[in-house]
Structures are given as structure tokens and as C-alpha cells.
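A short worksheet on the structure shown next.
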Amino acid sequence: MPRHFLSISDLSKKELESLFKRAAKLKAEKKSGRMRPSLRGKSIGLVFEKLSTRTRVSFEVAINDLGANSLYLNPNDLQLGRGETISDTSRILSSYLDGVILRTYEQERLEEFARSAGVPVINALTDLEHPTQIVSDLFTIKEMGLDPKNMKFAYIGDGNNVANSFMGAAAILGFRLSIATPNGYEPDLRALPAKESLGKADIEILNDPAKAAAGADVLYTDVWVSMGQEKDAAKRKKIFKPYQINGGLLSHAKKGAMVMHCLPAHRGEEITNEVADGPNSIIFEQAENKLHAGKAILEMFMKG
Ligand code: CP
Ligand code: NVA
């Protein structure tokens, strides 16, 4: 059975730490033009049922840099788009490919694909989780020489896929995370390594954004309307208004606190231009690091 990366909870603390180290090495190699084709001869497919700029392009470049072949497979160009089942698609693709990177809706759909797959499957975002994003974001913190264990992170906004994987990572690595969401939009505990780990971890789930931001080293946010939720956009934009990361909310955090966003940003909604482009923002560093962390993930899961 191949090993899949479907949830942040599929990784141990040790494995996360080794991904951060490897990403740093791969980043240095890329910058100095000394890349090694560690996945030479492999073919890796990307099946994306939702749009993507960063995840798709960074994984495609990562695959090419590692000497493998990438195939972008738009579901509308596959028989999947005409009703072929996800499990048949998975079996067939596994007989040609050495790995699949899948972005889709329900986590169950990803799990169904993985169950029928004879090759490793990586979660490139589902409604429940975005684990590769969080690996890359925590690498961004680690490469600055910082230790998340000595920091307070605040996630402000929707308890969505990104928040869920962030919470899972906090439980695995043991860092302090305050999450502030409107009532009814809290994160989903299924992303935790085990239900009881919430109690053991230093995670608090609140409704007050200022309280979550108080004394934080990092403020993190994401869109209020995730892909697939477009019909609730008007309602969500109203409910989430007090959760905007702006100068006022930033003033509750530590002086010099960093602001993170997985992007794409809806500027003027969850984050102001002033903050997104201001001195506290590290959003573009995060985006770049998806390439380097993505390579470390590919090596961990697709090398065998
Ligand atoms: N952050 C992220 O996953 O962006 P994309 O949707 O552009 O891949
Ligand atoms: N929560 C967002 C993340 C996009 C990268 C979404 O699912 O659309």
C-alpha cells in the first residue's frame, strides 16, 4: 500500500521537522543552481477540480526541477468530467503514473481516490484541509530561525481548510494557537491527530478577534468565502466583517508581529491593502516557499 498525504495528521513531529530541514536545503540548491534530479524518470499527475495558481504552478515546477514529468489533468478533459467514477479514474491513473496530486471538494472524495490508488496521493486542498500549505507556512517561520514553540499564533477569520490544517499542526508540533471565528464557523476537529489532542494542545477557539490577536507573534488569515461556498458570499462577508486584519487589529499583536495569508487575498475583505503590503506582511515569502516545501513533500511521498 502506498503512503498518502491526505491530512496534516498523517505526519509526525519528526517528519514535519525533517520536511522543514529538507525544504531549506532544496531552497538553497535552487538559489545556487545546483538542483539534483531526485525523482528522475517519474511521472506525476495533477488532478485539480478547483482553480489554483500557487499550488498548481509550484508543484509543476517542483516536479520538473526534481527531474520528473508533470501532467496537469483538468477534470473536464478527463472522462471523470463525464461521470467516470473517482475510483476507476484512480485505478487507471495509478497504472500510468507514479503519484497523483489531487485538489477536490469533500475529504471523502480524496479518501476514495486514495483507497483505489496504487500510487501515493497528495492532498492539494479539500474542503476540510490544506496540509501542504501549512507545511510551507511553518517552513517560512522556521527558516527565519524562529521556533513556533516559543511563539503565539493567531488565526483570525473562517475556520476553513487552512485553519483546520493549522490546528492539526499546532497539536502535532505543540505550539500556541488562538483561533477567532464567528459563532458557527469554528474549525473542524477532524483535522486533529486525535480528538483528545485539542485538550492537550495549546489551542484556544474564540469568537473575539482582538483577544486572539493579543500579544501574538503571527496573525494569519484566509478568505471568507472558500472555493465552493460562493452562494453564501453575501452572508459571509457581513458576518466576517469584524474579523478583518487591519491596522486596528494588528495593534493588539506584539510589536513587529508578522502577518500571514495563504493567498489568494480578497483585499479589502479579510485583509486591508495597508497590512497586506505593509512591513509586517510575509505573504509573498509564504507563496514562494510553496515551491521549496512542495519539493520536500514530493521527495518524502513519491521517492520510493
Ligand atoms: N494558497 C493556495 O493554495 O493558492 P492556490 O489556490 O492559488 O493554489
Ligand atoms: N480557503 C481557501 C484557500 C485557497 C487556497 C479555499 O478553499 O478557497
Side-chain angles (χ1 to χ4, degrees), residues 5-8 23 44-63 70 72-75 100-110 122-141 155-169 179-182 185-188 190-191 219-233 235-237 239-240 243-245 259-267 269-271 276 281-298:
F5 184 29
L6 308 184
S7 163
I8 194 75
I44 297 168
L46 294 97
V47 180
F48 276 47
E49 298 192 298
K50 291 173 175 170
L51 300 181
S52 170
T53 298
R54 280 145 288 268
T55 310
R56 173 190 169 177
V57 177
S58 62
F59 267 125
E60 287 207 63
V61 173
I63 290 164
S70 74
Y72 179 71
L73 304 164
N74 182 335
V100 175
I101 300 172
L102 177 60
R103 171 170 284 199
T104 188
Y105 291 86
E106 303 82 13
Q107 184 78 6
E108 293 70 24
R109 188 167 167 84
L110 171 77
I122 292 176
N123 179 355
L125 180 147
T126 60
D127 295 342
L128 183 69
E129 281 211 51
H130 197 1
T132 64
Q133 179 70 44
I134 292 301
V135 170
S136 167
D137 294 337
L138 291 171
F139 165 58
T140 306
I141 296 296
Y155 178 96
I156 316 278
D158 187 18
N160 61 16
N161 40 16
V162 171
N164 293 337
S165 293
F166 203 3
M167 188 181 60
I179 301 174
T181 73
Y185 294 88
E186 289 84 3
D188 189 323
R190 282 181 296 159
L219 297 188
Y220 195 121
T221 192
D222 184 18
V223 290
W224 294 339
V225 183
S226 284
M227 291 179 278
Q229 298 173 334
E230 290 77 7
K231 63 172 184 356
D232 297 330
K235 179 179 157 207
R236 284 176 161 267
K237 283 181 200 172
I239 293 173
F240 282 99
Y243 295 81
Q244 183 187 64
I245 298 203
V259 173
M260 301 180 80
H261 190 313
C262 61
L263 304 180
H266 283 223
R267 289 162 173 263
E269 292 180 18
E270 76 276 1
I271 193 165
S281 170
I282 55 165
I283 61 178
F284 294 104
E285 285 83 348
Q286 285 175 261
E288 182 198 324
N289 279 336
K290 287 177 69 91
L291 172 62
H292 314 298
K295 280 184 193 172
I297 293 168
L298 285 166

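Just follow the structure's listing: the first ligand is 1, and inside any ligand the first atom is 1. Since the model is a prediction, treat every value here as computed from it, not as a measurement.
Residue His130 has at least one heavy-atom neighbour below 4.0 Å for each of these atoms of ligand 1: 2 (C), 3 (O). Close approach to Thr53 involves these atoms of ligand 1, each under 4.0 Å from a residue heavy atom: 5 (P), 7 (O), 8 (O). Atoms of ligand 1 lying under 4.0 Å from at least one heavy atom of Gln133, given by number and element, are 1 (N), 2 (C), 3 (O). For ligand 1, the atoms sitting less than 4.0 Å from at least one non-hydrogen atom of Lys290 are 1 (N), 2 (C), 3 (O), numbered in the order shown with element in parentheses. The contact set between ligand 1 and Arg103, taken as ligand atoms under 4.0 Å from a residue heavy atom, comprises 3 (O), 5 (P), 6 (O), 8 (O).
No N or O atom of Pro264 sits closer than 3.5 Å to an N or O atom of ligand 1. At under 3.5 Å, a nitrogen or oxygen of Cys262, whether backbone or side chain, sits near a nitrogen or oxygen of ligand 1. Not a single N or O atom of Arg56, backbone or side chain, sits closer than 3.5 Å to an N or O atom of ligand 1.
One N or O on the side chain of Asn123 and one on the backbone of Leu6 form a donor-acceptor pair closer than 3.5 Å. Using modelled atom types, one side-chain atom of Arg236 and one backbone atom of Trp224 make a donor-acceptor pair closer than 3.5 Å.
Using a 4.0 Å cut-off between charged nitrogen and carboxylate oxygen, Glu108 and Arg190 count as a salt-bridge pair. Look at Lys50 and Asp127 and you find a salt bridge, because one of the NZ, NE, NH1 or NH2 atoms lies within 4.0 Å of a carboxylate O, short of that distance.
Residue-ligand proximity: Leu125 is placed with every non-hydrogen atom at 4.0 Å or more from ligand 1.
Residue His261 does not touch ligand 1, judged by heavy-atom distances below 4.0 Å.
No side-chain N or O of Gln286 forms a donor-acceptor pair with one of Thr140 less than 3.5 Å apart. A donor-acceptor pair shorter than 3.5 Å can be found between the side chains of Ser70 and Glu60.
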**Prompt:** Step by step, would you call Asp158 with Tyr243 a side-chain hydrogen bond (donor to acceptor under 3.5 Å, both in side chains)?
**Reply:** CA-CA 9 Å; Asp158 187 18; Tyr243 295 81; over 6 Å; no

**Asked** Does the side-chain hydrogen bond (donor to acceptor under 3.5 Å, both in side chains) test come out yes or no for Arg103 and Thr55, once each step is laid out?
**Response** CA-CA 9 Å; Arg103 171 170 284 199; Thr55 310; 3.0 Å; yes

**Message:** Show, in sequence, the C-alpha distance, side-chain angles and deciding distance for Gln133 and Asp137, and conclude whether the side-chain hydrogen bond (donor to acceptor under 3.5 Å, both in side chains) test is met.
**Reply:** CA-CA 6 Å; Gln133 179 70 44; Asp137 294 337; 3.0 Å; yes

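Rounding to the nearest 0.5 angstrom, the gap separating the OH atom in Tyr220 from the CD1 atom in Ile283 is 10.5 Å. To the nearest 0.5 Å, atom CE of residue Met260 and atom CD of residue Glu285 are 9.5 Å apart.
Given atom 4 (O) of ligand 1, the protein heavy atom at minimum distance is Arg54 NE, 2.9 Å.
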When you pair each N or O of ligand 2 with protein N or O atoms, which pairs come out under 3.5 Å?
from, atom 1, to, atom 2, distance (Å)
ligand 2, 1 (N), Asn160, ND2, 3.3
ligand 2, 1 (N), Asn161, OD1, 2.8
ligand 2, 1 (N), Asp222, OD2, 2.6
ligand 2, 1 (N), Ser226, OG, 2.7
ligand 2, 7 (O), Asn161, ND2, 2.8
ligand 2, 7 (O), Ser226, OG, 3.4
ligand 2, 8 (O), Met227, N, 2.8

